[in-house]
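Take a look at the structure below.
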Amino acid sequence: MTNLEKNDPLVYDILQEELKRQCDHLEMIASENFTYPSVMEAMGSVFTNKYAEGYPKKRYYGGCEYADKIEQLAIDRACELFGSKFANVQPNSGSQANQAVYQAFLKPYDKILGMDLSHGGHLTHGAKVNSSGKLYQSFFYGVELDGRINYDRVLDIAKIVKPKMIVCGASAYPRELDFKKFREIADEVGAILFADIAHIAGLVVAGEHPDPFPYCDVVSTTTHKTLRGPRGGVILTNDEEMAKKINSAIFPGIQGGPLVHVIAAKAVGFGENLKPEWKIYAKQVKSNTKVLADVLIKRGYDVVSGGSDNHLVLVSFLNKDFSGKDAEIALNSAGITVNKNTVPGERRSPFVTSGIRIGSPALSARGMKTQEFEVIANKIADILDDIENINLQKEIKEQMKELAQNFIIYDRATY
Ligand code: DSN
């Protein structure tokens, strides 16, 4: 019996229910993944007890010798992994990483140019409901009706806006980002170029997506999406002066004591990303997405941009009489977890939407390959073809559970 089971059976039971959900459902939310048991061990370690405000060798607390050691290891591994000179591994999340980048280089009311949230950008890239859109004057570029960024258009907008910073990166963009072109645009208008690679970082470090370095001045990422590490953020740069500003912006700027247990887990995650097997995983993520896109196209679905270069596909239902929300609910009833998403040309509210985003990272982490993705993609199409058929959803749910159970991700006795 675990300590949790003995001391707090109520929490233990909820945890077991979530474990069962994660094991029995097919997890296809593009930003989610299954982290390693070793990462979870580090996250649940004694470092959770330690305060370590400051940075290695410059702390405001005693007893930090091992906190220093673990943070320096995480920094060194991050630098090796991303090929950067400096890394701040303290951001508690991608949002906080981005907030710190803005605080480091911008003053209130400075102009930023980012990708529109409804076109696949992120809340923290200047959305008006986020502090990035309240503290700074935010302007946007988007995708064309073909679902792709038109870099000439971005340049036109940048010339009019004259932003202090250009943000490149997205949450729902199925194509490669051209960092070189973004650099040319930034140079033309004298802007700092900031890349948020949260979604694609796992592909970038495997050489399966173009590298933001040397083109971008600053790069942020989360550690839990395609990287499969613990939930958290990182900021990277090659410029020493910029690195100093980033460090001050994180602490004491927007955070206090770092989560040393999560930093330890980041070190473990980076260690996994540095292994040769990582490249095989990243390749598989891309092959699996490609099959997903190909099958859905063959079955008559409108896959935005006509395919995918990365870990996600975006399916548009603008030509259907059901919404992204309807599709999310129907697929969930069949044991397939995805999220509704706005699509280019969107006419519905963000709570309803006309599309879904489907990702391959989590199922690829379970060991599923193109063969399984072909089956799953056809099941997704079967459900969408007959979206009100509850009996079909129940039937597929059982089939998907059986499929999932052939790809064990966690030992239920352990968690
Ligand atoms: N919420 C994440 C996503 O789903 O893309 C981004 O923060």
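Treat the numbers as computed from the prediction; the structure is a model and nothing was measured. Counting starts at 1 for both ligands and their atoms, following the listed order.
- Short contacts between ligand 1 and S31, defined as distances under 4.0 Å to a heavy atom of the residue, involve ligand atoms 3 (C), 4 (O), 5 (O).
- Here the heavy atom of the protein found nearest to atom 2 (C) of ligand 1 is K225 CE, 3.9 Å.
- Taking the ring centroids of F322 and F317, they lie under the 6.0 Å cut-off.
- Taking the six-membered ring for Trp and the full ring otherwise, the centers of F34 and F407 sit at least 6.0 Å from each other.
- At the shortest separation from atom 5 (O) of ligand 1 among protein heavy atoms lies H199 NE2, 2.7 Å.
- The proximity of R357 to ligand 1, defined as any non-hydrogen pair under 4.0 Å, is limited to the side chain.
- Aromatic rings of Y36 and Y410 (six-membered ring for Trp) have centroids beyond the 6.0 Å cut-off, not under it.
- K290 NZ: 12 or fewer foreign heavy atoms inside a 6.0 Å radius.
- Taking the ring axis of Y109 as reference, the NZ or CZ atom of K164 does not stay both within 45° of it and closer than 6.0 Å to the ring centre.
- For ligand 1, the atoms closer than 4.0 angstrom to any heavy atom of H122 are 6 (C), 7 (O).
- Under a 4.0 Å criterion applied to the non-hydrogen atoms of S171, ligand 1 contributes the atoms 5 (O), 6 (C).
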